[in-house]
Chemist: 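Take a look at the following structure, please.
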Amino acid sequence: MLKIFNTLTKKKEEFIPVEEGKAKIYVCGPTVYNFFHIGNARPFITYDIVRKYLEFLGYDVTYVMNLTDIDDKIINRAIEEKISTEEVAEKYTAEFFKDIDELRIKRADVYPKATDHIKEMIQMVETLIEKGFAYESKGDVYFNIPQNKEYGKLSGKILEELQASERTATGSGKKNDLDFTLWKSAKPNEPAWESPWGKGRPGWHLECSAMSTKYLGETFDIHGGGTDLVFPHHENEIAQSECTFGKQFVNYWMHNGMLNLNDEKMSKSLGNFFTTREVLGKFLGESVRMLMIQKHYRSPIAYSFERLEEAQSSVERITSTYKRGLEKLNGNLEGGDEVFAQRIEQFKEGMNDDFNTAKGMSIVFEAVKEVNILLSKLNLNETEKNILVGEIKFIEKTDKIFDVILKKEEEGGGKFGEVMKILIKLRKKLRAKKDWELSDYLRDELEKINILIQDTPNGTKWDIKK
RNA sequence: GGCGACGUACCCAAGUGGCUAAGGGACAGCUCUGCAAAAGCUUCAUGCGUCAGUUCGAAUCUGACCGUCGCCUCCA
């Protein structure tokens, strides 16, 4: 039985989808105005694993992630780069996809863009005005928070206290300081769309409400994002959606912890960040995944190169074991069903507890250890072989969720591979003559260009290291 | 100030009332190896921030204290 910690109730609850056998997930995606940083990568990886685990459990998953392609940051960026907002969005959307591919994140079913859903957003605003939850003021439309009795239920905020801490309104047309913008009137030279209130653009929170409803329904299962989005972003989404449609918006709210650098949240405004692109220049996407998997998604993670190096070692360990295991079995994975089933049970016990990936991964490493022990034996009897098959199947199966085993084919094809074959043959001859000096020289020189040579009982292997 | 999360070995980290406190990484010794690498074995917390308390029994529950972080403003 899968349990999910629900921010709305602050409890772990059994997951019961709206429609049996189906899971509908919406995750807050990037604002495509720049490269995203490694802290932003956390929710992408977290919910990628949530999604893959639900698929593993047999759910038919619909996964939607928005792309915010119009807001202040994009407008500013367009001015900086002297190109249009569309060009900014297009450019950084392409970069976004490059990075998430490197991170082995499965593509969402839909990546709706805010600018493609202006009509839906305007409709919501009209409904909110009709129902008395919103009002227009000088071309802007605001959500009237005191009209929404349930406001604050997600973040646990109390209206009066929020009002007390709110700074003085800056001469806007708001009735209450806390009211947030649904529709923003256009300033000169800004991108704008026609609306019943004049030219303007949607407020930030609105797109998520409009687009999630369009693709997943008025009530859907899981909405994910970082804890820093709980208030006000998700609180406002709930307010808009529930006031518009008059029903529960989302059943399970999931929030991932922050990635910290030097004990502070990594964020663009603080300037203490590494872009994912930079990190991927030095480390494998699989290592970034490993780093995040080895900690529960709701806890903060302290980011450092040292931690990533550790994660990379873990990735190499599991990859090497898996490959050697397959080789030992000549790729023949017949049998091993009991061992496999046992491991899957242990694994599910961990993962069903609010996606405890750290626990799940520790079971995978128990299997890795078992495989290594078997591999260090010269001959395996039938029982041992059966265990080996079961463990390898288990590692392979869970890797469909974690995706940390290196799958990149060695660039062994073509002329390069042939040259490597010749070099290895040459080294074999040198070693046969016990010419250690030259054979070591060959190995050292290759290592300098990141080609690793390993002599194993089954012959010499080579690999390209990142 | 209000709300919330957390503090487990050298580092990271799971465990939330009861078997020897998972797992990963680093270090050291040994085995294997021409040497490396990889792998195996061994070693690595009588103790889980501190102090009280509840209990037959607590890392796990309660209280106080100390420390760290997040949200309350754009933010993943």
Side-chain angles (χ1 to χ4, degrees), chain A residues 7 10 27-31 36-47 71-73 152 155-158 160-167 178 204 224-235 255-260 263-270 273 290-291 293-296 298-302 304 306-318 320-321 323-324 346 350 353 356-369 371-377 430-432 434-437 439-440 443-444 447 452-457 460-463 465:
Chain A
T7 311
K10 289 162 188 67
V27 177
C28 287
T31 300
F36 66 88
H37 67 68
I38 195 71
N40 297 312
R42 189 164 189 200
F44 302 154
I45 293 172
T46 297
Y47 301 109
D71 86 329
D72 289 344
K73 291 187 291 260
S155 57
K157 305 270 180 222
I158 297 154
E160 295 77 55
E161 283 171 5
L162 279 174
Q163 278 158 339
S165 73
E166 186 78 0
R167 356 179 236 220
L178 283 171
W204 171 46
T227 49
D228 55 353
L229 293 183
V230 172
F231 188 89
H233 184 52
H234 291 159
E235 194 71 71
H255 291 96
N256 60 275
M258 298 292 102
L259 198 75
N260 293 161
D263 287 334
E264 259 183 336
K265 182 175 103 169
M266 188 180 281
S267 79
K268 285 197 172 149
S269 45
L270 287 171
F273 64 90
M290 183 64 87
L291 176 71
I293 287 168
Q294 286 186 310
K295 184 132 186 178
H296 187 92
R298 281 191 287 122
S299 308
I301 293 181
S304 71
E306 291 73 31
R307 297 279 296 110
L308 264 177
E309 266 160 24
E310 287 179 18
Q312 191 128 310
S313 298
S314 302
V315 165
E316 279 160 10
R317 177 171 159 89
I318 187 172
S320 137
T321 297
K323 284 189 177 163
R324 288 187 302 123
Q346 294 175 299
D353 182 14
N356 191 339
T357 53
K359 179 78 184 172
M361 186 55 90
S362 80
I363 307 294
V364 174
F365 275 106
E366 279 179 20
V368 165
K369 176 135 192 165
V371 170
N372 280 330
I373 288 171
L374 292 170
L375 288 177
S376 67
K377 294 189 175 180
L430 290 170
R431 291 181 71 216
K434 296 191 192 277
D435 188 340
W436 310 129
E437 196 189 329
S439 56
D440 286 354
R443 185 174 61 196
D444 293 345
E447 193 174 347
L452 292 188
I453 298 295
Q454 287 182 19
D455 300 312
T456 76
T460 298
K461 300 236 158 70
W462 66 275
D463 217 337
K465 199 184 163 109

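Keep in mind that the numbers below use all heavy atoms, side chains included, and drop hydrogens, waters and symmetry copies. Note that this is a predicted model, so its numbers are computed, not measured.
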Chemist: Can you figure out which of A14(B), G24(B), C71(B) approaches the side chain of Phe231(A) most closely?
Modeler: C71(B)

Chemist: With side chains defined as the heavy atoms from C-beta onward, is the minimum distance between Gln294(A) and Glu310(A) less than 4.5 Å?
Modeler: no

Chemist: Once you apply a heavy-atom cut-off of 4.0 Å, does Gly224(A) come out as touching a base, just sugar-phosphate, or nothing?
Modeler: nothing

Chemist: Does the structure show a Watson-Crick or G-U wobble partner for U16(B), both distances under 3.5 Å? Name it, or say none.
Modeler: none

Chemist: Can Phe44(A) be called stacked on A76(B) when the rule is centres closer than 5.5 Å and an angle between planes below 30°?
Modeler: no

Chemist: I need the CD-P distance between Gln312(A) and A26(B), as an integer number of Å.
Modeler: 12 Å

Chemist: Look through every strand shown and name the nucleotide pairing with A28(B) as Watson-Crick or G-U wobble, where both distances are under 3.5 Å.
Modeler: U42(B)

Chemist: Base, sugar-phosphate or nothing for Asn260(A)? Non-hydrogen atoms, less than 4.0 Å.
Modeler: sugar-phosphate

Chemist: Check every strand shown and say whether Glu309(A) touches a base, only sugar-phosphate, or nothing at a heavy-atom separation below 4.0 Å.
Modeler: nothing

Chemist: How would you label the contact of Lys434(A) with the nucleic acid (heavy atoms, under 4.0 Å): base, sugar-phosphate, or nothing?
Modeler: nothing

Chemist: Give me the distance, rounded to whole Å, that separates C66(B) from C51(B) when you measure between the P atoms they each carry.
Modeler: 15 Å

Chemist: Asn372(A) versus Arg324(A): any side-chain heavy-atom pair under 4.5 Å?
Modeler: yes

Chemist: Expressed as a whole number of angstroms, how long is the span from Met361(A):CE to G15(B):P?
Modeler: 15 Å

Chemist: Restricting to side chain to side chain donor-acceptor pair (under 3.5 Å), what partner residues turn up for Ser314(A), sequence neighbours left out?
Modeler: none

Chemist: Let's test this: given Watson-Crick or G-U wobble pairing with both distances under 3.5 Å, identify the partner of G1(B).
Modeler: C72(B)

Chemist: Choosing from G24(B), C71(B), A14(B), which nucleotide comes nearest the side chain of Phe365(A)?
Modeler: G24(B)

Chemist: Go ahead and name the base partner of C35(B); Watson-Crick or wobble counts if both distances stay under 3.5 Å, otherwise write none.
Modeler: none

Chemist: Can you say whether a donor on the side chain of Arg42(A) sits under 3.5 Å from an acceptor on the base of A76(B), or the other way round?
Modeler: no

Chemist: Whole Å only: how far is the CE atom of Met266(A) from the P atom of C69(B)?
Modeler: 16 Å

Chemist: What is the minimum heavy-atom distance between Cys28(A) and Phe44(A), and which atoms define it?
Modeler: O-CE2, 4.1 Å

Chemist: Side chains of Asp228(A) and Met258(A), heavy atoms from C-beta outward: is any pair under 4.5 Å?
Modeler: yes

Chemist: Output one letter per nucleotide in nucleotides 38-43 of chain B: B when a protein non-hydrogen atom lies under 4.0 Å from the base, S when only the sugar-phosphate is that close, - when neither is.
Modeler: SSSS--

Chemist: Who does C51(B) pair with, Watson-Crick or G-U, both distances under 3.5 Å?
Modeler: G63(B)

Chemist: Is a donor-acceptor pair below 3.5 Å formed from side chain Asp72(A) to base C74(B), judging by atom type as modelled?
Modeler: no

Chemist: Just call it for Ile301(A): base, sugar-phosphate, or nothing, with non-hydrogen atoms closer than 4.0 Å on any strand.
Modeler: nothing

Chemist: What's the gap between G2(B) and U46(B) when it is taken at their C1' atoms, as a whole Å value?
Modeler: 42 Å

Chemist: What is the nucleic acid contact for Ile453(A), judged by heavy atoms within less than 4.0 Å: base, sugar-phosphate only, or nothing?
Modeler: base

Chemist: Please pick, from G23(B), G25(B), C69(B), the nucleotide with the shortest atom-to-atom distance to any side-chain atom of Ser313(A).
Modeler: G25(B)

Chemist: Any idea how His234(A) and His255(A) line up, ring-wise: parallel (<30°), tilted (30 to 60°), or perpendicular (>60°)?
Modeler: tilted

Chemist: If we take the P atom in both A76(B) and A5(B), what is their distance in whole Å?
Modeler: 24 Å

Chemist: Ile293(A) and Thr357(A): which non-hydrogen atoms are nearest, and at how many Å?
Modeler: O-OG1, 2.8 Å

Chemist: Write down the distance separating the P atoms in G15(B) and A28(B), rounded off to the nearest Å.
Modeler: 31 Å

Chemist: Within the side chain of Lys434(A), is there an N or O that forms a donor-acceptor pair under 3.5 Å with the backbone of Arg431(A)?
Modeler: no

Chemist: What does Gly39(A) touch in the nucleic acid at a heavy-atom separation under 4.0 angstrom: a base, only the sugar-phosphate, or nothing?
Modeler: base

Chemist: By the 4.0 Å heavy-atom rule, please label Lys461(A) as base, sugar-phosphate, or nothing.
Modeler: nothing

Chemist: Say we look at C10(B) and A37(B): how far apart would their C1' atoms be, to the nearest angstrom?
Modeler: 25 Å

Chemist: Say whether, by atom type as modelled, one donor and one acceptor occur between the side chain of Ser439(A) and the main chain of Trp436(A) under 3.5 angstrom.
Modeler: yes

Chemist: With respect to the side chain of Arg307(A), which nucleotide from G15(B), C35(B), C12(B) is positioned closest?
Modeler: C12(B)

Chemist: Could you tell me how far apart Asp228(A) (CG) and C69(B) (P) are, to the nearest whole angstrom?
Modeler: 16 Å

Chemist: Taking atom C1' in both A9(B) and A22(B), what distance in whole Å separates the two?
Modeler: 13 Å

Chemist: Sticking with atom C1', work out how far C65(B) lies from G7(B), rounded to a whole angstrom.
Modeler: 14 Å

Chemist: Assign each of Lys10(A) and Ser299(A) to its nearest nucleotide of RNA chain B by heavy atoms, then name whichever residue's nucleotide is nearer the 5' end.
Modeler: Lys10(A)

Chemist: Identify which nucleotide among G2(B), C35(B), A22(B) has an atom closest to any side-chain atom of Asp440(A), counting heavy atoms from C-beta outward.
Modeler: C35(B)

Chemist: Whole Å only: how far is the CD1 atom of Ile318(A) from the C1' atom of G24(B)?
Modeler: 11 Å

Chemist: I'd like to check Asn40(A) versus Phe273(A) (side-chain heavy atoms, cut-off strictly below 4.5 Å). Are they in contact?
Modeler: no

Chemist: Rounding to an integer number of angstrom, what distance separates A38(B) and C32(B) when you compare their C1' atoms?
Modeler: 11 Å

Chemist: For the side chain of Glu264(A), starting at C-beta, report the closest nucleotide among G34(B), C74(B), G70(B).
Modeler: G70(B)

Chemist: For Arg298(A) and U16(B), what is the distance between atoms CZ and P respectively, to the nearest whole Å?
Modeler: 13 Å

Chemist: May I ask you to verify whether the side chain of Glu310(A) and the base of G24(B) hold a donor-acceptor pair under 3.5 Å?
Modeler: yes

Chemist: Between C12(B) atom P and His296(A) atom NE2, what is the distance in whole Å?
Modeler: 19 Å

Chemist: Please report the closest heavy-atom contact between Gly350(A) and Lys359(A), naming both atoms and the distance.
Modeler: CA-CG, 3.7 Å

Chemist: Starting at atom CZ of Arg431(A), determine the distance to atom P of C35(B), rounded to an integer number of angstrom.
Modeler: 10 Å

